[in-house]
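In what follows, a structure is listed as structure tokens, so that the remarks can point back to it.
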Amino acid sequence: MNLNKAKNNREAADVVSFRLEGERKNIIEKVASAEKKNKSEIIRRYIDMGIKNDGYRRNDELLRELIRDVVQEVMKPHVERLASISAKAANIDAASFFLLVYVGRLVLPPSERRLVDEAAENARRLGIEFLKLKKDRDLDDFILGGLKDMQDD
């Protein structure tokens, strides 16, 4: 084996000569041509794959990436559907709230409508604050703060 300096700042590599019989040689040439790479790159890749597959070298990151890709592909339509359902539920909840306020204003005498208007305004304000919550803010603190505001009134 001769020690050769590899081009393009690669590590020094041993040159290894070996024979490929007809069919293997043709396959390697076809793959190299299709991928627009030289035969040595293709042969090195297949050697690495064989070493990994035989268990001499672990390829956990590749396995994790494959599993992650498959799970994401399978879950994507379901997650999108759940997001759509959640958005529709939020719209229905908001409509229900405003309908409840509207009905409350219709059935209450004018002297008591102020309480409904204040409650609706406070609920709207809390809803906006809730939507602005940062991920690191504790939801329990937000709820306790809302309860405290209601008790102060």
Side-chain angles (χ1 to χ4, degrees), residues 1-104 118-153:
M1 287 192 217
N2 298 329
L3 190 60
N4 247 356
K5 291 281 185 184
K7 294 180 183 176
N8 300 331
N9 296 326
R10 293 184 192 165
E11 291 181 35
D14 289 336
V15 175
V16 179
S17 298
F18 60 92
R19 288 185 173 80
L20 288 173
E21 59 275 351
E23 185 179 350
R24 286 188 183 139
K25 179 183 175 209
N26 291 338
I27 291 170
I28 294 294
E29 287 173 349
K30 285 179 186 177
V31 172
S33 175
E35 295 184 15
K36 294 182 174 55
K37 295 182 179 180
N38 64 46
K39 290 188 285 185
S40 295
E41 289 176 290
I42 302 302
I43 292 168
R44 280 193 294 273
R45 184 177 75 203
Y46 285 129
I47 289 172
D48 285 342
M49 288 170 60
I51 290 170
K52 289 173 189 170
N53 288 337
D54 286 345
Y56 292 108
R57 185 169 54 188
R58 298 183 61 130
N59 198 4
D60 293 341
E61 186 55 39
L62 177 62
L63 183 59
R64 270 190 232 105
E65 186 178 318
L66 289 172
I67 291 170
R68 185 175 39 249
D69 289 347
V70 169
V71 169
Q72 285 178 347
E73 184 179 327
V74 168
M75 294 303 297
K76 185 178 180 180
H78 302 293
V79 171
E80 289 173 353
R81 179 73 179 132
L82 288 173
S84 174
I85 290 169
S86 179
K88 287 177 184 176
N91 289 337
I92 291 168
D93 287 345
S96 175
F97 168 74
F98 286 110
L99 183 60
L100 182 62
V101 169
Y102 176 75
V103 170
E118 286 177 10
E121 180 56 32
N122 285 338
R124 187 187 70 76
R125 181 184 51 77
L126 284 172
I128 290 170
E129 286 179 25
F130 175 76
L131 292 174
K132 290 180 181 178
L133 277 180
K134 294 192 172 152
K135 290 181 182 180
D136 60 345
R137 183 168 173 196
D138 190 7
L139 183 60
D140 291 335
D141 291 341
F142 174 77
I143 293 170
L144 289 174
L147 289 173
K148 184 179 176 217
D149 287 347
M150 286 191 293
Q151 290 171 353
D152 289 345
D153 293 339

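All values below come from the heavy atoms of this structure, side chains included, with hydrogens, waters and symmetry mates left out.
- Note: Lys25 NZ to Arg19 CZ = 12.5 Å, rounded to the nearest 0.5 Å.
- For the atom pair CG (Asn38) and CD1 (Ile28), the distance works out to 11.5 Å, reported to the nearest 0.5 Å.
- The local environment of OH in Tyr102 is sparse, with at most 12 non-hydrogen atoms from other residues, nucleotides or ligands closer than 6.0 Å.
- Taking NZ from Lys37 and CZ from Arg45, the interatomic distance works out to 5.5 Å, rounded to the nearest 0.5 Å.
- Between Ile27 and the choices Glu23, Lys30, Glu29, the side-chain contact (heavy atoms from CB on, under 4.5 Å) rule is met once, by Glu23.
- Atom CD1 in Ile92 sits 10.5 Å away from atom CD1 in Ile85 (nearest 0.5 Å).
- The minimum heavy-atom distance linking Pro77 with Val74 is given by the pair CD-O, 3.5 Å.
- Every side-chain contact (heavy atoms from CB on, under 4.5 Å) that Ile128 has, sequence neighbours left out, goes to Arg124, Lys132.
- Under the side-chain contact (heavy atoms from CB on, under 4.5 Å) criterion, Val71 pairs with Ile67, Met75, not counting sequence neighbours.
- Interatomic distance, Ser86 OG to Asn91 CG, rounded to the nearest 0.5 Å: 9.5 Å.
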Salt bridge (charged side-chain N to carboxylate O under 4.0 Å, His left out) between Glu21 and Arg24: does it pass, once the steps are laid out? CA-CA 6 Å; Glu21 59 275 351; Arg24 286 188 183 139; 2.6 Å; yes
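- Under the salt bridge (Lys or Arg N to Asp or Glu O under 4.0 Å) criterion, Glu65 pairs with no residue at all, not counting sequence neighbours.
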